[in-house]
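Worksheet for the structure shown next.
A, B, ... follow the sequence lines: proteins, then strands. Residue 1 opens every chain. These figures come from a predicted structure and were not determined experimentally. Scope of the values below: all heavy atoms of this structure, side chains included, with no hydrogens, waters or symmetry mates.
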2 protein chains.
Amino acid sequence: MVKAEQSPEQSMAAEERILKAATTIFREKGREGARMQEIADAAGINKALLHYYFRSKDLLFERVFIESARLFFSRLNEILQSERDIFQKITQLCDAYISLSVENPFIPVFIIGEMNHSQDIFISKMFTATQTRPDFSIFREQLQAAAAEGMIRPVAPHHLIMNILGLCIFPVIAKPMMQFNMGIGEKEFIAMMEERKRLVPELIISSLKIEKK
Amino acid sequence: MVKAEQSPEQSMAAEERILKAATTIFREKGREGARMQEIADAAGINKALLHYYFRSKDLLFERVFIESARLFFSRLNEILQSERDIFQKITQLCDAYISLSVENPFIPVFIIGEMNHSQDIFISKMFTATQTRPDFSIFREQLQAAAAEGMIRPVAPHHLIMNILGLCIFPVIAKPMMQFNMGIGEKEFIAMMEERKRLVPELIISSLKIEKK
DNA sequence: AATTAGTTTAACCAACCGGTTAACAAAGAT
DNA sequence: ATCTTTGTTAACCGGTTGGTTAAACTAATT
């Protein structure tokens with residue numbers, strides 16, 4: 001029987017080292033760019049051990065991708081389904097996704113890049129595997145309720161979500177381009193993203209408020 | 001002498017067929033994912049001919065990348081440096097980038113993906129080669145002037161540019177994700193992007209206007 | 001001490017991939 | 001007509017890559 005989960009500490013350490021190395025390298029270089037030998041070297045073990053623990057490159061990649069996707073989407077659902085009102089949720093979403101993207105800049109690039117290179121079947125398989133399919137139902141109801149009460153102007157929820165994600169995540173994705181043609185370094189970029197934690201919710205929320213002329 | 005540009009029609013056709021095939025495949029699968037044999041097959045020629053016209057995979061890729069980047073950024077400068085006022089420019093930018101991204105959805109993914117997998121040196125080399133480095137100077141002055149006149153509230157130009165690009169381009173980049181978890185097909189997606197041609201400029205411009213309480 | 005099951009490695013392999021070679025066809029140039 | 005240049009191909013090459021194998025090494029179990 002091959003039950004890696006119940007094995008002694010050392011082997012757990014090996015498996016974890018592999019997974020950690022694979023995560024780093026896959027995120028950096030993508031599925032095609034990553035080499036199994038490179039992962040093995042980074043984990044400090046023999047290449048054959050990769051296949052002992054994770055049968056193939058595809059399976060190892062799948063594992064890494066699923067965990068990345070889970071990390072990235074779990075916060076989304078947590079916030080969307082909390083008890084807060086829409087304005088608080090918007091602020092939290094922006095804060096969470098800017099922090100997440102700045103701290104792990106490779107993740108959004110990785111997820112988006114691989115999704116665009118994969119077949120749709122793979123994508124749906126991924127989402128069901130992660131069990132982190134975003135659920136907007138509560139948020140959507142909140143928006144409709146607020147609009148009905150006249151608190152905000154009516155908006156299409158998917159546009160709102162896309163606006164938030166685009167404003168928070170795009171700068172990180174386009175970072176190399178932005179850094180180059182704005183001529184800014186790492187510190188200035190982080191400072192700018194910190195500013196956006198305030199600017200983006202402000203922009204979104206002000207667009208929801210009913211204009212008083 | 002090897003001057004492919006001045007060769008007869010048939011060879012031009014071959015060279016163009018290669019370039020067209022390479023463009024399609026590189027954009028779809030990325031630099032690492034693309035295979036020279038696949039490009040040759042798609043162009044309907046022998047693999048050796050690829051190396052005859054474009055010495056190596058790297059050079060072929062560079063060519064494709066530069067032309068993609070040029071296509072993508074040339075519109076940006078055209079609009080930024082025109083004679084229009086800032087509001088017209090913002091509307092034009094949104095319209096242009098949504099159209100461009102919807103018509104060629106692979107291009108933004110391609111450019112951003114490859115930029116994130118490349119070294120900074122490569123990126124600056126690319127930008128100088130394309131001769132399409134975005135120039136915000138005029139736009140920046142216009143913004144300052146408008147703010148000084150009290151027409152708009154003062155804003156940081158780079159935040160504004162990032163907002164516009166993020167709102168227009170992100171949905172296309174995240175399309176497979178969005179399509180899946182919103183459960184929409186191709187036609188609905190295009191319709192949604194068409195809506196955004198109106199929504200995004202509205203959002204941006206309203207955020208610039210000085211609030212009247 | 002022998003057995004057993006899990007872990008780790010060196011060596012190996014077939015397929016693949018980017019690139020080369022040499023021969024050949026086509027078309028001007030002389 | 002033949003010689004040179006350019007376009008095109010089949011076959012090949014060396015290195016790399018994902019993956020395998022069989023044996024060695026551990027560490028509990030008996």
- line: Separation of C:dG19 atom P from B:Ile39 atom CD1, nearest Å, is 11 Å

- request: Give one of base, sugar-phosphate or nothing for B:Leu50, where a contact means two heavy atoms less than 4.0 Å apart.
  value: nothing

- prompt: What orientation do A:Phe122 and A:Phe65 show, parallel under 30°, tilted 30 to 60°, or perpendicular over 60°?
  reply: tilted

- request: Could you tell me the separation between the CD1 atom of B:Ile18 and the P atom of D:dG7, rounded to a whole number of Å?
  value: 11 Å

- line: Rounded to whole Å, CD of A:Glu15 lies from P of C:dT8 at a distance of 10 Å

query: Are a donor atom and an acceptor atom from the side chains of A:Gln142 and A:Asp85 found within less than 3.5 Å of each other?
result: no

- request: Taking only Lys NZ, Arg NE, NH1 and NH2, and the carboxylate oxygens of Asp or Glu, determine whether B:Lys29 and A:Glu32 approach each other closer than 4.0 Å.
  value: no

- prompt: Quick one: A:Tyr53 OH to C:dT8 C1', roughly how many Å, whole number?
  reply: 8 Å

message: Expressed as a whole number of angstroms, how long is the span from B:Leu59:CG to C:dG18:P?
response: 14 Å

- prompt: What is the distance, rounded to the nearest whole Å, between atom CZ of B:Phe54 and atom P of C:dG19?
  reply: 14 Å

query: Is the ring centre of B:Phe72 less than 6.0 Å from the ring centre of B:Tyr97?
result: yes

- prompt: Any ion pair linking B:Glu194 and B:Lys197 (charged N to carboxylate O, less than 4.0 Å)?
  reply: yes

- prompt: How does each nucleotide of nucleotides 16-23 of chain D score, in 5' to 3' order, for protein heavy atoms under 4.0 Å: base (B), sugar-phosphate only (S), or none (-)?
  reply: -SBBBB--

- prompt: Would you call B:Lys20-B:Glu16 a salt bridge at under 4.0 Å N-O?
  reply: no

task: Round to a whole Å and report the spacing from OH of A:Tyr52 to C1' of D:dC25.
output: 13 Å

